[in-house]
Amino acid sequence: MKPVKTFHKVMQFEAAPDIYGEPKCDRIEPKWAATSDGEMGVVCGLNSFDLEAKNFPPGTKVVVSVPCCPECGQEVELCRSDDSCDFDWDFWVIDTYQ
Ligand SMILES: [Zn+2]
């Protein structure tokens with residue numbers, strides 16, 4: 001039997017915080033943004049998402065990827081606690097999700 005080697009990405013969720021959170025429109029609130037293949041646009045502002053197994057064929061994979069620092073290459077929490085790297089993640093969040 002041939003192994004399955006090809007997977008098509010049909011859906012993607014990104015942790016895209018709302019940087020204009022209440023009450024003063026300056027609070028960074030964790031949210032998800034969803035993009036689906038074949039649908040135009042992005043659905044923003046989701047608190048959570050539900051992926052019911054019955055809606056997906058056997059073999060579907062859910063991959064979670066976190067960003068790595070463009071300067072030191074480490075994941076966010078490791079970079080933040082590393083004094084030798086001064087990449088500004090707070091600025092990056094505001095610049096990326098404004
Ligand atoms: Zn870094």
Side chain of Thr96, backbone of Val93: donor and acceptor closer than 3.5 Å? no
Minimum heavy-atom separation for Trp89 to Cys79, with atom names? NE1-SG, 3.2 Å
Minimum heavy-atom separation for Phe91 and Asp88, please, with both atom names. N-OD1, 3.0 Å
Looking at Asp37 and Lys9, what are the two nearest heavy atoms and their distance? CG-O, 3.7 Å
I'd like to know whether CD of Glu29 has more than 12 heavy-atom contacts from other residues, nucleotides or ligands below 6.0 angstrom. yes
Exercise: identify the closest heavy-atom pair between Gly45 and Lys31: O-CD, 3.6 Å
Look at the side-chain heavy atoms of Ile, Leu, Val, Met, Phe, Trp and Tyr, link any pair under 4.5 Å apart, and say whether Val66 and Val62 land in one connected group. no
Would you please test Met11 and Leu51 for side-chain contact (heavy atoms from CB on, under 4.5 Å) and show each step? CA-CA 11 Å; Met11 206 181 272; Leu51 301 176; 4.0 Å; yes
Find the distance between CZ (Phe87) and CD (Gln74) and round it off to the nearest 0.5 Å. 13.0 Å
Please find the pair of heavy atoms, one from Ser81 and one from Leu78, that lie closest to each other, and give the distance. OG-O, 3.1 Å
Linked, directly or transitively: Tyr97 and Ile28 (ILVMFWY side chains, under 4.5 Å): yes
Check whether Val10 and Leu46 end up in the same hydrophobic cluster, where Ile, Leu, Val, Met, Phe, Trp and Tyr are linked by side-chain heavy atoms less than 4.5 Å apart. yes
Go through the steps for Glu71 and Asp86 under the test side-chain contact (heavy atoms from CB on, under 4.5 Å), then give the verdict. CA-CA 9 Å; Glu71 291 177 14; Asp86 63 357; 3.3 Å; yes
Heavy-atom closest pair, residues Gln98 and Ile19: CA-CD1, 3.4 Å
Audit row: Gln12, Val42, side-chain contact (heavy atoms from CB on, under 4.5 Å) steps and yes/no: CA-CA 10 Å; Gln12 178 171 305; Val42 182; over 6 Å; no
Between Trp32 and Phe13, how do the two ring planes meet: parallel, tilted or perpendicular, split at 30° and 60°? perpendicular
